[in-house]
Amino acid sequence: MHRKKMETRLVFLLAALLATALLESKPVLPTLASEADHSVLAEVSVFETGNFHPIQSDVGTASSCSPPRSLLIFRPEEKGTYPVILFHHGTGCQNSWYSDVFKFISSHGYIVVAPQLYELIPPSGQVELDLAAEVANWLPSGLRCVLPEDIEGDMHNLALAGHSRGGYIAFALALGLADVSLDVDFSALIGVDPVAGTSKTNQMEPKILNYEACSFNFSIPVAIIGTGLGNKPAFPILPQTCAPDGVSHTEIFNECKPPCSHFVTTDYGHMDVLDDDIGLIGEGARAICKGSRWGVSRDPMRRTVGGVFVAFLEAFFEGNYTDYNKTLQNPNYFAPATLDPVQNKSEGTSCSSLSAMSMSATFDLHIDEL
């Protein structure tokens with residue numbers, strides 16, 4: 001009798017241990033982050049601070065390295081050779097207002113060079129474009145001059161980028177519209193809420209938009225990060241917007257050839273990519289653009305922009321498409337800010353087939369379809 005009781009207890013004990021083991025070994029499926037909760041980000045490291053330690057330096061035109069315009073440079077502290085990003089600021093902006101994004105990108109192993117092309121009042125589009133070309137031509141020898149001996153910029157992996165009007169400048173440079181001949185080759189192009197004018201009938205000169213699909217005459221990979229609030233007025237009584245329809249990210253994406261991707265930060269505005277602390281002038285510039293709601297952190301916007309930069313460049317510079325593809329396929333799970341829509345023109349897709357199809361029906365990846 002006593003033996004049977006012992007055997008019964010042993011059977012129950014083994015059954016309990018087996019059940020516990022099965023429960024512990026059961027795979028846990030990922031939980032999608034909702035639009036209001038983007039805290040589940042562990043799977044994609046590109047949206048978190050990288051492993052390098054960024055160092056900031058300011059290089060004036062009077063320095064021994066003689067850049068055409070003053071520069072803000074972020075680069076890793078660790079010795080090595082790193083891809084280079086030439087970034088152009090937006091209308092009336094200071095390059096230092098983007099420091100948080102630059103620092104984030106540099107922490108993933110990139111050198112960011114941001115010229116101050118002008119101060120508060122912008123010159124004509126052509127003058128600004130030519131200044132940008134002069135800075136680009138300075139890079140091969142000049143960057144070597146300003147960097148420590150054990151750090152080099154990889155000029156074979158040189159990305160062109162810009163925000164707002166600076167995004168227009170980046171595209172105009174890639175299109176060869178500068179009057180100054182370029183001595184460098186760009187390997188990738190990124191636009192952050194690029195704006196090419198105030199309306200279809202009032203484009204910046206020289207014009208870049210033809211309103212034809214795939215009309216841009218370059219074939220380097222492109223990523224465009226637009227904003228969901230950029231085409232909305234900051235004040236109901238004023239119709240002006242900072243990223244008007246017809247001259248901003250949607251049309252620019254339409255005119256890109258494959259490969260080209262398009263991400264829209266749904267809940268953020270044109271100036272939300274800037275640092276929080278940008279002084280009175282910066283806050284005045286930010287106030288004229290529709291932005292995120294009062295009290296909403298802009299950090300998810302900055303980390304999303306930085307993460308898209310890193311994922312995109314890892315894909316096309318290093319051949320590592322993992323994070324880039326994950327962000328394209330399931331953006332609302334991985335990115336800190338809601339991305340919707342997300343569009344992609346894949347390599348190998350012919351422009352003739354693109355123009356014969358509905359862009360929105362064929363290439364939009366909406367979060368509610370994933």
Side-chain angles (χ1 to χ4, degrees), residues 44-59 63-89 95-96 98-116 132 135-163 166 170 173-174 182-192 220-223 225 273 275 302-324 327:
V44 177
S45 61
V46 293
F47 293 111
E48 299 294 337
T49 302
N51 295 324
F52 294 91
H53 300 88
I55 290 181
Q56 174 185 338
S57 58
D58 297 277
V59 182
S63 72
S64 58
C65 299
S66 303
R69 308 299 294 174
S70 60
L71 306 173
L72 176 64
I73 298 176
F74 278 83
R75 50 91 176 172
E77 180 182 24
E78 293 79 2
K79 66 180 180 180
T81 300
Y82 302 99
V84 179
I85 301 169
L86 179 61
F87 187 98
H88 303 93
H89 60 82
N95 51 12
S96 61
Y98 302 88
S99 292
D100 286 349
V101 170
F102 295 162
K103 184 177 180 180
F104 182 96
I105 295 170
S106 184
S107 77
H108 286 270
Y110 294 88
I111 297 171
V112 182
V113 179
Q116 188 65 46
V135 173
N137 288 339
W138 171 89
L139 282 175
S141 60
L143 190 57
R144 174 66 277 165
C145 175
V146 302
L147 294 176
E149 290 184 1
D150 58 356
I151 295 178
E152 292 188 24
D154 182 1
M155 298 307 296
H156 296 292
N157 283 320
L158 174 61
L160 188 57
H163 167 239
L173 267 183
L182 279 175
D183 301 328
V184 295
D185 293 320
F186 298 106
S187 302
L189 173 58
I190 306 173
V192 181
I220 59 176
V222 178
I225 307 165
V273 69
D275 296 354
R302 292 188 289 261
R303 287 195 291 123
T304 297
V305 169
V308 170
F309 263 74
V310 174
F312 171 73
L313 294 179
E314 279 186 356
F316 290 98
F317 282 179
E318 302 173 23
N320 179 6
Y321 286 80
T322 302
D323 290 336
Y324 179 62
T327 306

Under 3.5 Å: donor-acceptor pair, side chain of Ser187, backbone of His156: yes
Nearest-0.5 Å distance that lies between atom CZ in Phe74 and atom OG in Ser99: 4.0 Å
Donor-acceptor contact below 3.5 Å, side chain His88 vs main chain Ala161: yes
Distance in Å, Ile220 CD1 paired with Phe316 CZ, rounded so as to fall on 0.5 Å steps: 11.0 Å
Option among Leu160, Val308, Leu313 that satisfies the side-chain contact (heavy atoms from CB on, under 4.5 Å) test with Ile190: Leu313
Side chains of residues 109-116: which donor-acceptor partners sit under 3.5 Å, not counting sequence neighbours?
unit_1, atom_1, unit_2, atom_2, d
Gln116, OE1, Asn95, N, 2.7
Gln116, NE2, His89, NE2, 3.4
Gln116, NE2, Cys93, O, 3.0
Gln116, NE2, Tyr118, O, 2.6

From Ile85 atom CD1 to Ile73 atom CD1, the distance as rounded to the nearest 0.5 Å: 13.0 Å
Side-chain donor/acceptor of Trp138 to backbone N/O of Cys65, under 3.5 Å: yes
Closest non-hydrogen atom pair between Gly306 and Ile105, with its separation: CA-CG1, 3.9 Å
Asn157 CG to Glu318 CD distance, which is reported to the nearest 0.5 Å: 8.0 Å
Parallel, tilted or perpendicular: rings of Phe87 and Phe309 (30°, 60°): tilted
Short side-chain to backbone donor-acceptor contact, Asn137 and Asp183, under 3.5 Å: yes
Polar side-chain atom of Glu314 near backbone of Tyr324 as donor-acceptor pair, under 3.5 Å: no
Between OH on residue Tyr98 and CG on residue Leu72, distance to nearest 0.5 Å: 11.5 Å
Minimum side-chain heavy-atom gap Ser106-Gln56 below 4.5 Å: no
Over 12 foreign heavy atoms within 6.0 Å of CG, Asn320: yes
Test item: Val273 and Val101 side chains (from C-beta on) under 4.5 Å apart, heavy atoms: yes
Residue pair Pro140 / Val184, side-chain heavy-atom distance below 4.5 Å: yes
Parallel, tilted or perpendicular, as decided by the 30° and 60° cut-offs, for the rings of His108 and Phe104: tilted
Thr81 to Asp154 - nearest heavy-atom pair and separation: CG2-CB, 3.8 Å
Rounded distance (nearest 0.5 Å) linking atom OG of Ser96 with atom CG of Asp275: 7.5 Å
